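When a ligand or atom number is given, it counts from 1 through the structure's own listing order. For clarity, every value in this text was computed on a predicted model and none was experimentally measured.
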Amino acid sequence: MSMDIHTSLSAHKVSDERLAEILADPGFGNYFTDHMFTTEWTPDQGWHDARIEPYGPISLDPATAVLHYAQETFEGMKAYRHADGSIQAFRPEANAARMARSSHRLALPVLPEEDFVQAVDELVKVDARWVPEATEGNEKSLYLRPFMFASEAFLGVRPSQHVTFMVIASPAGSYFKGGVKPVRIWLTEEYTRAGRGGMGAAKTGGNYASSLVAQQEAYDHGCDQVVFLDAAEGKYVEELGGMNLYFVYADGHIVTPALTGTILEGITRASIVELAGKLGHQVEERRFGIDEWKSGVESGEIVEVFACGTAAVVTPVGELAWDGGSVTSPAGEVGATIRKQLVDIQFGRSDDTFGWMHRIV
Ligand SMILES: *Cc1c(COP(=O)(O)O)cnc(C)c1O
């Protein structure tokens, strides 16, 4: 059964001229489309009052639970305009399933997967003119941000009895302007991201809040991103603040840290497991020691390191730096090939042999 969505269209849509200016250079997360989707949940009514309305500020009571206890989850995904004029999303049902898992961990109600996908589809249809044209080498798309939060005004500590789910959308420019650029990664030995039984596998703002001080440490050391080790032993590589990692060996096999419950299960990561397998790489998902990274790159056994996630797809890691040393690795063919194959599927330039694309328009 599908949701009944009440739509009230904006009387103040961005003009075509202004939209063309925005889409020429959208950057990331700067501009938002004309509309937003909202639905609300209470124990008595379940999910109700689904609506699309003009984009704008929402008013919250200062006692709203999410502002105090961070009970929230979010998703990040993209819609792409294809050459045939269609607009397609990449594996939205995987985002829906992940939000359901995140919501379970955050004691939030689960939004049915078909409702999640319908909400995204309907918003994209209403704001279809915001999906940029893309060309090879200029990977513009519409970034979609579904999120759910505790919206009850109550300071007691218990799962919220009023929950809001929204979807907003923002045009996104090419992550790498003027070609893919390797990133420098800072190894934090002071901070961790997630512990056993914690919420490392949930996509929730709290994980980002806890990563920011380490991210600042990375910037202070001239690095772009931070890598976290496991909290128990401080020995095993987990992931970056918002991206998963891959290691390519000279003999062609590739390794990515296993999903131990403290790592976010990236949809890009999962897609690469399948894609790399099809390209003939043996893919190992296992615990991966930080010493293996350092010595593997130094000895030449590891020939490439790359990070992956929705925003950048695949980003080569050019350097790992820590307090007292660093190792450098070149950007390589394997990451570049995987990146091109994924991006070509997303933008409809190659056959969707995995059945990953979901047509919206
Ligand atoms: C979202 C996210 C990723 C990447 O997931 P994708 O589904 O590939 O975009 C990786 N790590 C963290 C912590 C994340 O929040």
Please indicate whether any nitrogen or oxygen in [X] is less than 3.5 Å from any nitrogen or oxygen in ligand 1.
X	result
Asn244	no
Ile267	yes
Thr268	yes

So if I count the atoms of ligand 1 from 1 in the order they appear, which ones are less than 4.0 Å from some heavy atom of [X]?
X	answer
Glu239	10 (C), 11 (N), 12 (C), 13 (C)
Gly266	5 (O), 6 (P), 7 (O), 8 (O)
Arg98	5 (O), 6 (P), 7 (O)

- Message: Under the criterion side-chain contact (heavy atoms from CB on, under 4.5 Å), I'd like the reasoning laid out for Lys278 against Thr353: C-alpha separation, chi angles, the key distance, then a yes or no.
- Response: CA-CA 11 Å; Lys278 210 178 141 200; Thr353 48; 3.1 Å; yes
Any carboxylate oxygen within less than 4.0 angstrom of a Lys/Arg side-chain nitrogen, looking at [X] and [Y]?
X	Y	answer
Arg269	Glu239	no
Glu292	Lys235	no
Arg98	Glu265	no
Arg339	Glu139	yes

- Item | Region of Thr310 engaging ligand 1 - heavy atom pairs below 4.0 Å |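 It is both parts that get close, each with some atom under 4.0 Å.
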- Task: Of the side chain and backbone of Arg193, name the one, both, or neither that has a heavy atom under 4.0 Å from an atom of ligand 1.
- Result: side chain
In the protein, which heavy atom is nearest to [atom], and how far is it?
atom	value
atom 4 (C) of ligand 1	Gly242 O, 3.8 Å
atom 1 (C) of ligand 1	Lys203 NZ, 1.4 Å
atom 15 (O) of ligand 1	Tyr208 OH, 2.5 Å

- Message: Suppose clustering is done on Ile, Leu, Val, Met, Phe, Trp and Tyr with side-chain heavy atoms closer than 4.5 Å. Which residues sit in the same group as Tyr246?
- Response: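 So far as hydrophobic clustering goes, Tyr246 is joined with Tyr80, Phe90, Val248, Ile254, Ile267, Ile272, Val273, Leu275, Leu279, Val283, Val303, Phe306, Val313, Val314, Val334, Ile338, Leu342, Val343, Ile345, Phe347, Phe354, Trp356, Met357.
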- Is there a path from Leu60 to Met148 through hydrophobic residues (I, L, V, M, F, W, Y) whose side chains come within less than 4.5 Å of each other? no
- Task: Nearest heavy atom to atom 13 (C) of ligand 1 wins, so pick from Gly241, Ala202, Gly205.
- Result: Gly241
- Message: Run the ring pair (Phe, Tyr, Trp, His ring centres under 6.0 Å) test on Trp293 and Phe247 for me, step by step, so that the C-alpha distance in whole Å, both residues' side-chain angles and the decisive distance to 0.1 Å come before the verdict.
- Response: CA-CA 8 Å; Trp293 183 347; Phe247 302 88; 4.9 Å; yes
